[in-house]
Each structure stands twice: as C-alpha cells, then as structure tokens.
Amino acid sequence: MATPPSGPPPPLSLLDSPVRRRIVDLLADSASRTGNRTTGAPAGGAAAGMTAAEVAAHLELHTTTARFHLDQLEGGGLVESWFRRGGVGRPRKLYRVPTRPLPAPTDAAGPLRALTALLTEYWTETENGERLTPEQAGHRWAVRRAAPEPEPGPQAHTPGAWLGKVGETLDRLHGWGYLPEVRTEEGGRTAELTLVDCPFLDLAQESPDVVCGVHRGLLRGTLESLGEADTEVSLRPFVEPRVCLARVRTRAEFEQPHGPLT
C-alpha cells in the first residue's frame, strides 16, 4: 500500500481544485462589492459573506458540494465563517475570504487531502454513463491505493488469518486519517471497528448517506484488495456524537481446528 505522507494538508494546495478557486474568487468579488459592515461578522472586515446555498446557486453546484469545499477552504485558513441571527429559524452560516494574510505554503500533504480527492471523485466520475454511488467511489478509491500486486492474497480460512486481514485494514485506515479501535465476536469471524472523529465529521452530520456509503466502500475495497471479497460490511453512524461503528464479517468457511497438542 502506498501510505500518504503525514501532516496537515497544505492550505494553498486546496486551490489546485478549480471548484475551490471559483469559490474563493466569488467570495473575494462579493467582498469587494460589499461596503456595509455586517452585524455579527468577525471583527476587522466589512464583507457580508455568503451562505453555502448562495455559493452553490452562483456556481451551479449542489449545496452539499459547495458546503464541503467551503469547509475544506476554512480548514486551510483560506475562508472564514460566522453565524448571523435574524428573523425566525436557525442562524445562517456565512463564509467570506479572511482579512488576515493567507497561510504560508507548505510541502506537507496529509490524509485529508487524499480523502478530499475521494469525495471529488464521487461527485465527478461516472461508470457506464451513471454517477458513482458513494459506496462505489469509496470502493474504487481503496482498490486503486492497494499495494500493486498481480493478485490479492488467498482468502482467510482461520480466525487468525482473517483477523490479520482486519489488522491490515486498520493500518490503512490509520494512514488515511481515521482512529479505529477493534473488538471481535463469533470467535473472530466478526470484527467491530469503532471509528472516532471521522475526517468528514461535519459532512457526515449533514449528509450521512454520502459519508457512510463512502466508508462502507473503503472497507469493502480494502478487504477485497487483501483477498477478502466475500465479506459483509455494515455501518451505524453516530452511536455517540463523534463515534460510528462499522462491522465486517467474513462469509468464508473456517477450517476445523487441529486436535490438542500432545
């Protein structure tokens, strides 16, 4: 497996995406045309900002897509946000370009940058003329990043061999920015993975079908690349505020254990 370099994503590399460049340009243009100071805006600037829905409408994007890119830009310090109350209903989250200097460039490229490419692939790639499902995108992404071997290894037929494959899956999840823990059931046939602080936590809260589908695909694709195609994968989101549970179960027949040592 090719392990992504560690460290935070380079802020200015976020602008490698044409969509994110267009978002920053739109917010900058909005700031230049806004002369009134907005109540509730961060101190030090006059830009009124735009909501994710407004950005999406201007750029002809889905609102979830716009919000995802805005949150990536905010994480890199290229965009800032605040909430404005007014009228009935929930406060509106507004985004704008910051008045402070942009972050300095860095050569680090972390897991979040790679996973951002995964979601971009989900929203842009097609198969047989149809857009990928989230699970298909996660599966394809995991398989493409598997170790370049001619064939996957043999399917596991003992609890130890199967749990070895689960362990390799955990290693890959760690490399992609996840913090999984594992416990086993059914004599090792089923592994329950506790996923804490998903890298897409904010997006998962708003679009759980997308993010949970991606996670199922990541697990299924990783196990398939390890020779475990006959595997059941399920996921329960938000069993606690920042915790999800994934279960992977092999359908392979386990060999009968050998007799006692003599």
Side-chain angles (χ1 to χ4, degrees), residues 4-5 7-34 47-82 92-127 129-142 144-145 176-177 198-215 217-218:
L12 297 184
S13 72
L14 292 168
L15 298 179
D16 291 345
S17 162
V19 173
R20 286 193 282 273
R21 288 201 303 271
R22 290 169 62 204
I23 290 174
V24 171
D25 288 343
L26 175 64
L27 294 176
D29 182 61
S30 173
S32 68
R33 290 185 284 104
T34 304
M50 301 177 69
T51 66
E54 290 168 342
V55 169
H58 275 80
L59 300 182
E60 298 183 344
L61 301 171
H62 190 282
T63 301
T64 301
T65 306
R67 186 177 293 110
F68 166 71
H69 287 298
L70 284 163
D71 289 345
Q72 297 300 305
L73 289 165
E74 184 176 13
L78 302 180
V79 161
E80 62 186 9
S81 70
W82 76 100
R92 302 170 70 213
K93 186 175 184 179
L94 298 171
Y95 298 86
R96 72 169 185 178
V97 290
T99 55
R100 62 183 181 275
L102 292 177
T106 173
D107 293 331
L112 185 58
R113 185 181 182 190
L115 291 170
T116 298
L118 187 162
L119 285 191
T120 301
E121 178 175 300
Y122 156 59
W123 276 307
T124 59
E125 289 204 15
T126 60
E127 187 172 273
E130 296 185 0
R131 198 180 75 173
L132 297 177
T133 66
E135 187 163 344
Q136 286 172 330
H139 176 272
R140 178 183 292 187
W141 192 89
R144 286 178 175 175
R145 280 153 183 79
W176 296 336
C198 158
F200 296 133
L201 185 63
D202 290 341
L203 182 61
Q205 291 169 337
E206 300 216 5
S207 301
D209 290 347
V210 172
V211 176
C212 292
V214 164
H215 287 159
L218 283 174

Are the side chains of Leu59 and Leu26 in contact, using a 4.5 Å heavy-atom criterion?
yes
Is there a side-chain contact (heavy atoms from CB on, under 4.5 Å) between Leu27 and Val55 once you walk through the steps?
CA-CA 8 Å; Leu27 294 176; Val55 169; 4.2 Å; yes
For the atom pair CE (Met50) and OG (Ser81), what is the distance rounded to the nearest 0.5 Å?
14.5 Å
For the residue pair Thr63 and Thr51, establish whether any side-chain heavy-atom pair is separated by less than 4.5 Å.
no
Minimum heavy-atom separation for Ala66 and Ile23, please, with both atom names.
O-CD1, 4.4 Å
Separation between CG (Leu78) and CG (Leu70), nearest 0.5 Å, reads 11.5 Å
In Å and rounded to the nearest 0.5 Å, what is the CG to NE2 distance from Asp29 to His58?
8.5 Å
Which heavy atom of Gly217 sits nearest to which heavy atom of Ala142, and what is that distance?
O-CB, 4.5 Å
Here the gap from Arg67 atom CZ to Gln72 atom CD, rounded to the nearest 0.5 Å, amounts to 13.5 Å
Quick one, Phe68 with Leu61, criterion side-chain contact (heavy atoms from CB on, under 4.5 Å). Give me CA distance, side-chain angles, the key distance, then yes/no.
CA-CA 11 Å; Phe68 166 71; Leu61 301 171; over 6 Å; no
Using the test salt bridge (charged side-chain N to carboxylate O under 4.0 Å, His left out), find all partners of Glu54 that sit at least two apart in sequence or belong to another chain.
Arg92
Supply the atom-to-atom distance Arg131 CZ to Gln136 CD, rounded to the nearest 0.5 angstrom.
10.5 Å
Report yes if some heavy atom in the side chain of Tyr95 is under 4.5 Å from a heavy atom in the side chain of Glu80; otherwise report no.
no
Steps toward side-chain contact (heavy atoms from CB on, under 4.5 Å) verdict (Trp82, Arg96)
CA-CA 9 Å; Trp82 76 100; Arg96 72 169 185 178; 3.7 Å; yes
Under the side-chain contact (heavy atoms from CB on, under 4.5 Å) rule, collect the residues that match up with His215, sequence neighbours excluded.
Tyr178, Cys198, Val211, Leu218, Leu235
Kindly indicate, with the supporting measurements, whether the criterion side-chain contact (heavy atoms from CB on, under 4.5 Å) is fulfilled by Leu73 and Val24.
CA-CA 8 Å; Leu73 289 165; Val24 171; 3.9 Å; yes
